[in-house]
Amino acid sequence: MNTPEPASTGHFIRRIIEDDLKTGKTGGRVVTRFPPEPNGPPHIGHAKSIGMNFGLAAEFGGVCHLRFDDTNPSTEDVEYVDAFQRDIRWLGFDWGQNLFYASDYYERLYTYAVELIKKGKAYVCELNTGEFKEYRGVPTRPGKESPGRTRLVEENLDIFARMRAGEFDEGRYVLRARIDMASPNLHLRDPVIYRIKKEVHHRTGAVWCIYPMYDFAHCLSDSIEKITHSICTLEFEVHRPLYDWILDALEVYHPRQIEFARLNLSYTIMSKRKLQQLVEGKQVAGWDDPRLPTLAGLRRRGYTPAAIRDFCERIGITKFNSLTDVALLEHCIRDELNKTASRVMAVLNPLRVVIDNYPEDQEEFFDAVNNPEDPTMGSRKVPFSRVIYIERDDFREQPPKKFFRLAPGQEVRLRYACYITCTSVVKDDKTGEIVELHCTYDPASRGGASPDGRKVRGTIHWVSARHAVQAEVRLYDRLFLHENPAEAEGNDFLRHLNPNSLQVVTGFLEPGLVSVNPWDRVQFERLGYFCADGVDSKPGQPVFNRIVTLKDSWGKIEKGSAG
RNA sequence: UGCCGGAUGGUGUAAUGGUAGCACAGCAGACUCUGGAUCUGCUUGUCUAGGUUCAAAUCCUAGUCCGGCAGCCA
């Protein structure tokens, strides 16, 4: 094993673990857990938690359990159980034998509940939801005690058993912890720990008709698994006293709950409900739409596990809410792909160029380096002929200052090929649109080297028209125009959708690209990083997704001078 | 306005009583057969007011602002 990354210094959770190890509090053990509820798709926010829980465990020689918090059969589905397992593995983490489900503990949890009743610390409550609400009170006023609060233990035991037996309708009774109806913390005002739900569970089937609430199931599942550090998000901070109360009341093994701030990413949304709204409203193509921050979407887009892990490391762990700039995520994927992705040439918005002094029937092959960052990736031959395509943006009839690309009378280098000079422009009679350029090339510049030492400032990419292959290319951009759509005025995040988040074009690619495999990632030189779509690509007929553009300093210059 | 948590450049974070640092973004320059990459430099910050101290982002007091909590969701 090589040494871990220069440890982005110890964040507060890492420090807590170090301290606990030092003081021997956990007997030298580190056991964390990632506890998703399988009721929505894994997204990059989960990745932050996954990376931390599995990462911390690995760092301290411990283990991290994967435990599904499946205590609410009405909202959960195996679809998401599978998705979490698939995506955690994809991210590169391994729970080994430690795959658990809260539903595995139902019998045991029931026994704990009975024990609580016997201790006089839980009781059956017959209040309906309206009454329940009224009795609970509000933060500024204490609640009232439920009539059930004084019920005898024997009677509580009897009713609870009959709840389990299915004798009552949903809502007729709940089991509540007997704590303090006057507590300033609402979660301590005799919280519900079991409710009747006549639902078929995705794992236990119809065996149960009562299900434990999160607060009851979670702490005890942690306890059963001998978790040392139970890391969760900030909104559970007010639940911690209840977490502690239950474990103390039952006198069982007591993990420590630690809270951190969840991830927010700019120009996107992370809430299950909103993601679902996008999918169901057909604003996107599905959970794996490449514009979504779901792990399936990011994967489909072409993001790598390493880049996502890197991102999760860089964002850090704190206790305050923040909005992380998506530019950091983009930096992470560019950083990796710059080192690993093969360079190829592709023209996405073609302009036909005829090289008048190049013989009609001639063709030749130029050497092109596959990756200037990595010589071991070798080179390839790229075909050249009299008619080529260049990017429309690389020509200006009236070039602005500092425009180093092609313009009438201006010379430019064709990447790896030769120098050409534009001699004339052909336009459509009616529309005035430029339809074709005529150029001459300098035979002495073959291979792209300067024959006489003259400097050519611009280098543009190209594709031989005769040899080009065509492919569908999907140009993705951020899904929202607003930096923080979830917080946007009017509460209507859909209003801020980017109407141009997807643009589909037909690209002209150098011929070698027909043989890419699905999921292969390449750099289209000067344009960006692209991934052969893993679903829609067919043998010999790839479809490309743009992962991220290259940094475009010319775009900035031009934008700046125009403004 | 009850309870809990929080506040460091544009953004994300580090510094736990001793030179406010790093990354992203931005700007400027160098280099370049990708206006990419790389390299160099630069701008910008401790919520406010008091206090303790030789010394405060850090400790104390008061205030301001932000987030969370009133599901039989997690």
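Values below: all heavy atoms of this structure, side chains included; hydrogens, waters and symmetry mates excluded. In what follows, every chain begins at residue 1, and chains take the letters A, B, ... in the order their sequences are listed.
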Does rG12(B) fall in syn (glycosidic angle within 90° of 0) or anti? anti
Between H65(A) and F100(A), how do the two ring planes meet: parallel, tilted or perpendicular, split at 30° and 60°? tilted
Expected rows: protein N/O vs nucleotides 17-19 of chain B N/O, under 3.5 Å:
none

Is N371(A) reaching over with its side chain to a backbone N or O of K339(A), donor-acceptor style, under 3.5 angstrom? yes
Exactly one candidate in Y112(A), F168(A), Y123(A), Y110(A) meets ring-ring contact (aromatic ring centres under 6.0 Å, His included) with F160(A); the answer is Y110(A)
Please encode protein proximity along nucleotides 69-74 of chain B as a string of B, S and -, counting only heavy-atom distances under 4.0 Å. SBSBSB
Taken in chain and number order and not counting sequence neighbours, the residues that satisfy salt bridge (Lys or Arg N to Asp or Glu O under 4.0 Å) with K402(A) are none
Could you list by number each residue of residues 44-51 of chain A showing a heavy-atom separation from RNA chain B of less than 4.0 Å, or answer none if no residue does? none
Indicate, with a heavy-atom threshold strictly under 4.0 Å, whether F320(A) touches base, sugar-phosphate, or nothing. sugar-phosphate
Non-neighbouring partners of D442(A) that pass salt bridge (Lys or Arg N to Asp or Glu O under 4.0 Å), sequence neighbours left out: R454(A)
Salt bridge (Lys or Arg N to Asp or Glu O under 4.0 Å) involving R415(A) - partner list, sequence neighbours excluded: E525(A)
Could you check whether atom CZ of R262(A) has more than 12 heavy atoms from other residues, nucleotides or ligands sitting under 6.0 Å from it? no
Evaluate the ring planes of Y211(A) and Y106(A), with Trp represented by its six-membered ring, and classify them as parallel (under 30°), tilted (30 to 60°) or perpendicular (over 60°). perpendicular
NA contact type, L414(A), heavy-atom cut-off 4.0 Å: base, sugar-phosphate, or nothing? nothing
Which pairs, with at least one residue in residues 123-138 of chain A and sequence neighbours excluded, count as a salt bridge (Lys or Arg N to Asp or Glu O under 4.0 Å)? E126(A)-R151(A), E134(A)-K144(A)
Distances under 3.5 Å only, N/O to N/O: pair up the protein atoms with those of nucleotides 37-40 of chain B.
unit_1  : atom_1 : unit_2  : atom_2 : d
rA37(B) : O2'    : N338(A) : ND2    : 3.1
rA37(B) : O2'    : E373(A) : OE1    : 3.3
rA37(B) : O2'    : E373(A) : OE2    : 3.1

Can you check whether H331(A) has a side-chain N or O nearer than 4.0 Å to OP1 or OP2 of rC24(B)? yes
Should the ring pair H239(A) and F236(A) be called parallel, tilted or perpendicular, given that the plane angle runs from 0 to 90° and is split at 30 and 60? perpendicular
May I have the distance from K559(A) (atom NZ) to rG26(B) (atom P), rounded to whole angstrom? 11 Å
Could you state the CG-P distance from N484(A) to rG12(B), rounded to the nearest angstrom? 11 Å
Quick one: is rG35(B) close enough that its OP1 or OP2 comes under 4.0 Å of any side-chain N or O from R526(A)? yes
Which residue, R149(A), R178(A), R176(A), forms the side chain to side chain donor-acceptor pair (under 3.5 Å) with D190(A)? R149(A)
Please give, in whole Å, the distance from rG35(B) C1' to R413(A) CZ? 13 Å
Distance-only donor-acceptor test (3.5 Å): side chain R405(A), base rG35(B): yes
For E76(A), all residues meeting salt bridge (Lys or Arg N to Asp or Glu O under 4.0 Å), sequence neighbours excluded: none
Which residues share a side chain to side chain donor-acceptor pair (under 3.5 Å) with T75(A), sequence neighbours left out: E37(A)
Indicate whether OP1 or OP2 belonging to rG36(B) is found under 4.0 Å from a side-chain N or O atom of S553(A). yes
Indicate, with a heavy-atom threshold strictly under 4.0 Å, whether I460(A) touches base, sugar-phosphate, or nothing. nothing
Looking at residues at least two apart in the chain, or sitting in another chain, which of them share a side chain to side chain contact (heavy atoms under 4.5 Å, CB included) with D367(A)? S379(A), K381(A)
How many whole angstroms separate atom CG of L323(A) from atom C1' of rU13(B)? 14 Å
Plane angle bin for F384(A) and F366(A) - parallel if under 30°, tilted between 30 and 60°, otherwise perpendicular: perpendicular
Earlier contact from the 5' end, RNA chain B, for K319(A) and T459(A): K319(A)
I'd like to check T340(A) versus T304(A) (side-chain heavy atoms, cut-off strictly below 4.5 Å). Are they in contact? no
What is the distance from CD of E483(A) to C1' of rG12(B), rounded to the nearest Å? 12 Å
The side chain of F403(A) lies closest to which of these nucleotides: rG12(B), rG35(B), rG67(B)? rG35(B)
Hunt down any stem RNA chain B takes part in, defined as 3 or more consecutive Watson-Crick or G-U pairs whose two distances are each under 3.5 Å. B:2-7 with B:64-69, B:10-13 with B:21-24, B:26-30 with B:38-42, B:47-51 with B:59-63
Answer yes or no: side-chain N or O of R15(A) and base N or O of rU16(B) forming a donor-acceptor pair under 3.5 Å. yes
Parallel, tilted or perpendicular, judged at 30° and 60°: which one describes the rings of F34(A) and F84(A)? tilted
Looking only at atom P, what distance separates rC24(B) and rC3(B), rounded to whole Å? 43 Å
Under 4.0 Å between any heavy atoms, over every strand shown, what does L234(A) touch: base, sugar-phosphate, or nothing? Just pick one. nothing
Look at all strands and tell whether A261(A) reaches a base, only sugar-phosphate, or nothing, counting heavy atoms closer than 4.0 Å. nothing
Base, sugar-phosphate or nothing for T318(A)? Non-hydrogen atoms, less than 4.0 Å. sugar-phosphate
Between F524(A) and F530(A), does the ring centroid distance fall short of 6.0 Å? yes
